[in-house]
Peer 1: 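There's a structure below that I have some questions on.
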Amino acid sequence: MSKKNSIPKHIAIIMDGNGRWASKRGLDRSKGHLKGYENIKPNVIYAKKIGIKCITLFAFSTENWNRSSKEINFIFDLASKVIYEESKFLNKNKVRIIHLGSIDNLPEKMIDRIKKSEEMTKDNKDFTLAVAFNYGSRDEILRAVNKIIDSRINTQLSEEDFESFFMTNMLSNPDVVIRTGGEKRLSNFLLWQSAYSELIFFDKFWPDFETHDLDLVIDEYNNRIRNFGS
Ligand code: IPE
Ligand code: IPE
Ligand code: MG
């Protein structure tokens, strides 16, 4: 079979390993989160340049509330700062920003910044950056079911009907899910949506992930044969 040469439309990334990146260097875990956030921009810019249309980033899970309040507050402050500082740049580059996840229990300032960045970029069509923050796939599915109950729909739903209640309803399913940091699991990320995604794992920690690794992802993607059950 001839080698394909296609660019996946949507890549989702589980950005794992920030804490271990820091611990390995004798640093506080917060330094790993800092480095991890700094690593987002170059990879997003590169993804857009090579023709990827959407990147979804897993930044904070519904289970990450089990961490120390010190670490949680650090991540919230950092994420708020990055949204505030980068929204204008992303908007200029025709990037649409979308938040996936619940705003429940997030700091007011952060909610405000998320809403403003979504509003500012809502007409951008070139590229979508979806940030899964306070996101859990089980939470998303359960919320969809509860919305259906609330709306008193009493007909049978198709898969498409059901998906329309998801937080990801304006995104295509990810062609590829990448996880850095060596663990080989989804940790409650896009469980429904990744049913036919190609899973690609990196041992390196997220702060060490380079744009060149995205080239490796594209190569690996092109080596996979996607059957979708056929
Ligand atoms: C990913 O890195 C970021 C978040 C989950 C918020 P971790 O913080 O999980 O880093 P490790 O896996 O402990 O190294
Ligand atoms: C997954 O990483 C969540 C994010 C990257 C935001 P975790 O570090 O929370 O996952 P587990 O606990 O190792 O499964
Ligand atoms: Mg982790």
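For ligands, and for the atoms within them, numbers begin at 1 and follow the listed sequence.
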Peer 1: Between Asp16, Asn39, Leu27, which is the residue that forms a side-chain contact (heavy atoms from CB on, under 4.5 Å) with Trp21?
Peer 2: Leu27
Peer 1: Check whether any N, O or S atom of Glu183 sits under 2.8 Å from the Mg ion (ligand 3).
Peer 2: no
Peer 1: Between Lys81 and Asp77, does at least one N-O distance fall below 4.0 Å, as a salt bridge requires?
Peer 2: no
Peer 1: Would you call the rings of Phe162 and Phe166 parallel, tilted or perpendicular, where under 30° means parallel and over 60° means perpendicular?
Peer 2: perpendicular
Peer 1: Are a donor atom and an acceptor atom from the side chains of Asn227 and Ser230 found within less than 3.5 Å of each other?
Peer 2: no
Peer 1: Would you kindly say whether Asn134 and Trp65 are connected by a side-chain donor-acceptor distance under 3.5 Å?
Peer 2: yes
Peer 1: Around ligand 2, what residues show up once you keep those with a heavy atom under 4.0 Å from it?
Peer 2: Ile14, Met15, Asp16, Phe58, Ala59, Phe60, Asn64, Arg67, Arg179, Arg185, Ser187
Peer 1: Considering only N, O or S atoms, which atom of Asp16 is nearest to the Mg ion (ligand 3)?
Peer 2: OD1
Peer 1: Is it the case that Lys41 places NZ or CZ above or below the six-membered ring of Phe89, under 6.0 angstrom from the centre and within 45 degrees of the axis?
Peer 2: yes
Peer 1: Dump the intermediate steps for salt bridge (charged side-chain N to carboxylate O under 4.0 Å, His left out) on Glu220 and Arg224, then the final yes or no.
Peer 2: CA-CA 7 Å; Glu220 175 63 18; Arg224 306 262 182 109; 2.6 Å; yes
